Amino acid sequence: MGLLDILLGRTKPVLPDLDRLFALPSAAVTLEAAAGFTPTGTGAVCFATVEGSAFEQTHREVQALLDADADREGPPVELSQDEYGYSWLVSRRSPDQLSALVNDLHAVNSAMEVNGFGPQLLCSVAGFRAEGDRRLALVYLYKRGTFYPFAPQPGAGQRRDNALELQVKAALDGDLRMEEDLSRWFPVWGAPGL
(Lines give C-alpha, C1' and ligand atoms only; values in the text may rest on other atoms or scores of the structure.)
Protein backbone atom coordinates (compact mmCIF):
# COMPACT_ATOMS: atom_id res chain seq x y z
CA MET A 1 0.00 0.00 0.00
CA GLY A 2 1.53 3.29 -1.08
CA LEU A 3 1.43 6.80 0.31
CA LEU A 4 -1.18 7.88 -2.26
CA ASP A 5 -3.46 5.04 -1.14
CA ILE A 6 -3.15 6.19 2.46
CA LEU A 7 -3.87 9.81 1.57
CA LEU A 8 -6.91 8.87 -0.50
CA GLY A 9 -8.23 6.51 2.18
CA ARG A 10 -7.92 3.39 0.09
CA THR A 11 -7.38 0.11 1.86
CA LYS A 12 -6.19 -3.25 0.71
CA PRO A 13 -9.06 -5.67 0.34
CA VAL A 14 -9.06 -8.53 2.82
CA LEU A 15 -8.27 -11.81 1.13
CA PRO A 16 -10.95 -14.42 1.72
CA ASP A 17 -10.00 -17.19 4.10
CA LEU A 18 -12.39 -20.02 3.38
CA ASP A 19 -10.98 -22.03 6.27
CA ARG A 20 -12.89 -19.70 8.59
CA LEU A 21 -16.01 -21.62 7.56
CA PHE A 22 -14.71 -24.57 9.58
CA ALA A 23 -15.32 -22.58 12.80
CA LEU A 24 -19.11 -22.80 12.27
CA PRO A 25 -19.66 -26.13 14.10
CA SER A 26 -18.02 -24.87 17.31
CA ALA A 27 -19.83 -21.53 16.96
CA ALA A 28 -23.11 -23.48 16.66
CA VAL A 29 -22.54 -24.94 20.14
CA THR A 30 -22.06 -21.43 21.53
CA LEU A 31 -25.11 -20.19 19.61
CA GLU A 32 -27.33 -22.93 21.03
CA ALA A 33 -26.14 -22.26 24.59
CA ALA A 34 -26.48 -18.46 24.28
CA ALA A 35 -29.68 -18.11 22.27
CA GLY A 36 -31.28 -21.54 21.76
CA PHE A 37 -30.66 -21.75 18.01
CA THR A 38 -29.88 -25.09 16.37
CA PRO A 39 -28.79 -25.84 12.78
CA THR A 40 -31.46 -26.48 10.16
CA GLY A 41 -29.13 -28.52 7.98
CA THR A 42 -29.48 -26.10 5.07
CA GLY A 43 -26.71 -23.93 3.73
CA ALA A 44 -26.04 -22.13 0.48
CA VAL A 45 -23.44 -20.23 -1.46
CA CYS A 46 -24.60 -17.06 -3.19
CA PHE A 47 -22.92 -15.70 -6.30
CA ALA A 48 -23.60 -13.28 -9.09
CA THR A 49 -25.17 -15.17 -11.96
CA VAL A 50 -22.68 -15.95 -14.69
CA GLU A 51 -23.44 -17.05 -18.23
CA GLY A 52 -21.23 -19.25 -20.37
CA SER A 53 -20.00 -22.77 -20.81
CA ALA A 54 -17.04 -22.45 -18.40
CA PHE A 55 -19.37 -21.57 -15.56
CA GLU A 56 -21.84 -24.30 -16.52
CA GLN A 57 -19.00 -26.84 -16.48
CA THR A 58 -17.86 -25.64 -13.02
CA HIS A 59 -21.43 -25.79 -11.72
CA ARG A 60 -21.88 -29.36 -13.01
CA GLU A 61 -18.55 -30.45 -11.46
CA VAL A 62 -19.43 -28.97 -8.08
CA GLN A 63 -22.90 -30.46 -8.11
CA ALA A 64 -21.57 -33.90 -9.12
CA LEU A 65 -18.93 -33.75 -6.38
CA LEU A 66 -21.44 -32.92 -3.66
CA ASP A 67 -24.15 -35.26 -4.94
CA ALA A 68 -21.65 -38.16 -4.93
CA ASP A 69 -21.50 -38.06 -1.12
CA ALA A 70 -23.03 -41.36 0.04
CA ASP A 71 -23.78 -39.92 3.51
CA ARG A 72 -26.13 -37.28 2.09
CA GLU A 73 -29.68 -37.59 3.32
CA GLY A 74 -32.51 -35.83 1.56
CA PRO A 75 -32.54 -34.05 -1.78
CA PRO A 76 -29.38 -33.48 -3.80
CA VAL A 77 -27.62 -30.18 -4.14
CA GLU A 78 -29.69 -27.75 -6.18
CA LEU A 79 -29.22 -24.45 -7.97
CA SER A 80 -31.82 -21.74 -7.47
CA GLN A 81 -32.17 -18.07 -8.30
CA ASP A 82 -33.70 -15.46 -6.00
CA GLU A 83 -35.96 -12.56 -6.91
CA TYR A 84 -32.94 -10.22 -7.05
CA GLY A 85 -31.22 -12.24 -9.79
CA TYR A 86 -28.54 -13.89 -7.63
CA SER A 87 -27.83 -17.60 -7.85
CA TRP A 88 -27.69 -19.94 -4.86
CA LEU A 89 -26.14 -23.38 -4.77
CA VAL A 90 -28.07 -25.04 -1.94
CA SER A 91 -26.95 -28.02 0.12
CA ARG A 92 -29.26 -29.84 2.51
CA ARG A 93 -28.07 -32.16 5.27
CA SER A 94 -29.68 -33.47 8.41
CA PRO A 95 -29.47 -30.87 11.20
CA ASP A 96 -26.87 -32.92 13.08
CA GLN A 97 -24.49 -32.87 10.09
CA LEU A 98 -23.31 -29.26 10.32
CA SER A 99 -19.68 -30.28 9.76
CA ALA A 100 -20.63 -32.02 6.50
CA LEU A 101 -22.65 -28.96 5.47
CA VAL A 102 -19.64 -26.72 6.13
CA ASN A 103 -17.52 -29.06 3.99
CA ASP A 104 -20.08 -28.63 1.19
CA LEU A 105 -19.97 -24.83 1.45
CA HIS A 106 -16.17 -24.86 1.49
CA ALA A 107 -16.04 -27.17 -1.55
CA VAL A 108 -18.40 -24.94 -3.55
CA ASN A 109 -16.47 -21.76 -2.71
CA SER A 110 -13.12 -23.43 -3.43
CA ALA A 111 -14.24 -24.85 -6.77
CA MET A 112 -15.63 -21.50 -7.87
CA GLU A 113 -12.43 -19.75 -6.78
CA VAL A 114 -10.10 -22.26 -8.47
CA ASN A 115 -12.02 -22.03 -11.73
CA GLY A 116 -11.70 -18.23 -11.83
CA PHE A 117 -15.15 -17.32 -10.52
CA GLY A 118 -13.98 -15.94 -7.16
CA PRO A 119 -15.06 -12.37 -8.06
CA GLN A 120 -18.65 -13.61 -8.51
CA LEU A 121 -18.80 -15.16 -5.00
CA LEU A 122 -20.82 -13.03 -2.59
CA CYS A 123 -21.56 -14.97 0.57
CA SER A 124 -22.29 -18.32 2.18
CA VAL A 125 -25.11 -18.87 4.65
CA ALA A 126 -25.92 -21.53 7.23
CA GLY A 127 -29.46 -21.63 8.61
CA PHE A 128 -30.54 -21.95 12.25
CA ARG A 129 -33.93 -22.10 14.03
CA ALA A 130 -35.21 -21.68 17.57
CA GLU A 131 -38.55 -22.02 19.33
CA GLY A 132 -41.34 -19.76 18.16
CA ASP A 133 -40.37 -20.01 14.48
CA ARG A 134 -37.38 -17.72 15.06
CA ARG A 135 -34.90 -17.96 12.21
CA LEU A 136 -31.28 -16.96 11.90
CA ALA A 137 -28.56 -17.20 9.29
CA LEU A 138 -24.86 -16.93 9.89
CA VAL A 139 -23.57 -15.20 6.79
CA TYR A 140 -19.95 -15.41 5.63
CA LEU A 141 -18.97 -12.46 3.43
CA TYR A 142 -16.57 -13.91 0.88
CA LYS A 143 -14.83 -10.65 -0.04
CA ARG A 144 -14.43 -9.51 3.60
CA GLY A 145 -13.58 -12.82 5.27
CA THR A 146 -16.07 -12.07 8.08
CA PHE A 147 -19.36 -13.34 9.47
CA TYR A 148 -22.52 -11.59 10.58
CA PRO A 149 -25.93 -12.76 11.81
CA PHE A 150 -29.11 -12.12 9.85
CA ALA A 151 -32.37 -12.60 11.76
CA PRO A 152 -35.61 -12.07 9.84
CA GLN A 153 -38.62 -11.57 12.10
CA PRO A 154 -41.34 -14.23 11.96
CA GLY A 155 -44.39 -13.48 9.87
CA ALA A 156 -44.98 -11.61 6.68
CA GLY A 157 -42.90 -8.68 5.58
CA GLN A 158 -39.22 -7.93 5.47
CA ARG A 159 -38.30 -6.95 9.00
CA ARG A 160 -35.16 -7.85 10.91
CA ASP A 161 -34.67 -8.59 14.58
CA ASN A 162 -31.75 -6.20 15.12
CA ALA A 163 -31.57 -6.85 18.86
CA LEU A 164 -31.15 -10.59 18.25
CA GLU A 165 -28.48 -9.93 15.60
CA LEU A 166 -26.47 -7.84 18.06
CA GLN A 167 -26.95 -10.46 20.80
CA VAL A 168 -25.66 -13.19 18.46
CA LYS A 169 -22.71 -11.03 17.40
CA ALA A 170 -21.71 -10.54 21.03
CA ALA A 171 -22.11 -14.27 21.79
CA LEU A 172 -20.06 -15.44 18.79
CA ASP A 173 -17.35 -12.77 18.84
CA GLY A 174 -14.81 -15.24 20.25
CA ASP A 175 -15.79 -18.08 17.90
CA LEU A 176 -16.04 -16.34 14.53
CA ARG A 177 -14.41 -13.30 12.97
CA MET A 178 -17.44 -11.00 13.09
CA GLU A 179 -17.99 -8.12 10.67
CA GLU A 180 -17.53 -4.93 12.68
CA ASP A 181 -19.03 -2.58 10.05
CA LEU A 182 -22.79 -2.97 10.64
CA SER A 183 -23.53 -1.27 7.31
CA ARG A 184 -22.18 -4.44 5.68
CA TRP A 185 -24.75 -6.62 7.42
CA PHE A 186 -26.80 -6.93 4.25
CA PRO A 187 -30.21 -8.60 4.46
CA VAL A 188 -30.34 -11.88 2.57
CA TRP A 189 -34.09 -11.95 1.93
CA GLY A 190 -35.07 -15.06 0.06
CA ALA A 191 -31.96 -16.99 1.03
CA PRO A 192 -32.59 -20.73 0.89
CA GLY A 193 -33.05 -22.33 4.28
CA LEU A 194 -34.43 -19.31 6.08
Side-chain angles (χ1 to χ4, degrees), residues 11-47 66 82 84 86 88-110 112-113 118 121-155 157-194:
T11 59
K12 275 185 156 177
V14 176
L15 293 176
D17 182 0
L18 293 176
D19 289 346
R20 289 189 179 141
L21 289 169
F22 293 120
L24 277 172
S26 64
V29 173
T30 303
L31 184 60
E32 184 172 7
F37 281 88
T38 57
T40 63
T42 301
V45 175
C46 181
F47 50 93
L66 298 182
D82 65 20
Y84 303 103
Y86 294 106
W88 295 84
L89 196 57
V90 184
S91 177
R92 293 184 190 351
R93 297 283 187 159
S94 67
D96 64 336
Q97 291 184 314
L98 183 58
S99 293
L101 179 66
V102 168
N103 287 338
D104 291 350
L105 298 177
H106 190 276
V108 170
N109 280 292
S110 296
M112 297 275 290
E113 193 176 64
L121 288 169
L122 302 174
C123 67
S124 297
V125 299
F128 294 83
R129 287 201 189 275
E131 286 184 26
D133 196 35
R134 294 187 316 154
R135 299 171 291 155
L136 177 78
L138 290 179
V139 182
Y140 175 74
L141 289 172
Y142 177 80
K143 291 176 174 64
R144 306 262 310 160
T146 56
F147 289 88
Y148 69 90
F150 171 67
Q153 287 188 350
Q158 292 186 340
R159 296 178 318 193
R160 296 168 77 166
D161 187 340
N162 297 108
L164 176 60
E165 291 176 356
L166 292 173
Q167 175 191 356
V168 168
K169 177 193 181 298
L172 297 181
D173 219 9
D175 292 292
L176 300 174
R177 182 169 176 223
M178 301 302 289
E179 176 59 54
E180 295 298 326
D181 183 355
L182 300 185
S183 69
R184 296 199 180 264
W185 289 22
F186 305 110
V188 285
W189 305 117
L194 285 181

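Predicted model only: the values in this text are computed from it and were never measured. Just so it is clear, the values below take in all heavy atoms, side chains as well, and ignore hydrogens, waters and symmetry mates.
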To the closest 0.5 Å, what do you measure between [atom1] ([X]) and [atom2] ([Y])?
X	Y	atom1	atom2	result
F37	L164	CZ	CG	4.5 Å
C46	L122	SG	CG	4.5 Å
M112	L18	CE	CG	11.5 Å
R135	Q153	CZ	CD	10.0 Å
D96	L101	CG	CG	11.5 Å
L138	L172	CG	CG	6.0 Å

Is the backbone of [Y] close enough, under 3.5 Å, to the side chain of [X] for a donor and an acceptor to pair up by distance?
X	Y	result
K143	C123	no
W88	G190	no
Y148	F186	yes
S124	L105	no

Notebook entry, point to check: Is there a side-chain contact between Q158 and P187 (heavy atoms, below 4.5 Å)?
Noted result: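 In short, these two side chains do not touch, never coming nearer than 4.5 Å.
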Check: Do the non-hydrogen side-chain atoms of D19 and H106 ever get within less than 4.5 Å of each other?
Finding: yes
Heavy-atom pair of closest approach, residues [X] and [Y]:
X	Y	value
P39	P95	O-CB, 3.3 Å
K169	M178	CA-CE, 3.8 Å
L121	F47	CA-CB, 4.0 Å
E179	W185	O-NE1, 3.0 Å
V125	A137	CB-CB, 4.5 Å
R20	R177	NH1-NH1, 2.8 Å

Notebook entry, point to check: What residues form a salt bridge (Lys or Arg N to Asp or Glu O under 4.0 Å) with E32, not counting sequence neighbours?
Noted result: none
Next item on the list: Output yes when R144 and E180 qualify as a salt bridge under the 4.0 Å nitrogen-oxygen rule, no when they do not.
Entry: no
Next item on the list: On the 0 to 90° scale, with breaks at 30° and 60°, tag the F147-Y140 ring pair as parallel, tilted or perpendicular.
Entry: tilted
Next item on the list: For L166 and L182, run side-chain contact (heavy atoms from CB on, under 4.5 Å): C-alpha distance rounded to whole Å, both residues' side-chain angles, the deciding distance at 0.1 Å, then the answer.
Entry: CA-CA 10 Å; L166 292 173; L182 300 185; 4.2 Å; yes
Check: So L31 and L136, side-chain contact (heavy atoms from CB on, under 4.5 Å) or not? Walk me through it.
Finding: CA-CA 10 Å; L31 184 60; L136 177 78; 3.6 Å; yes
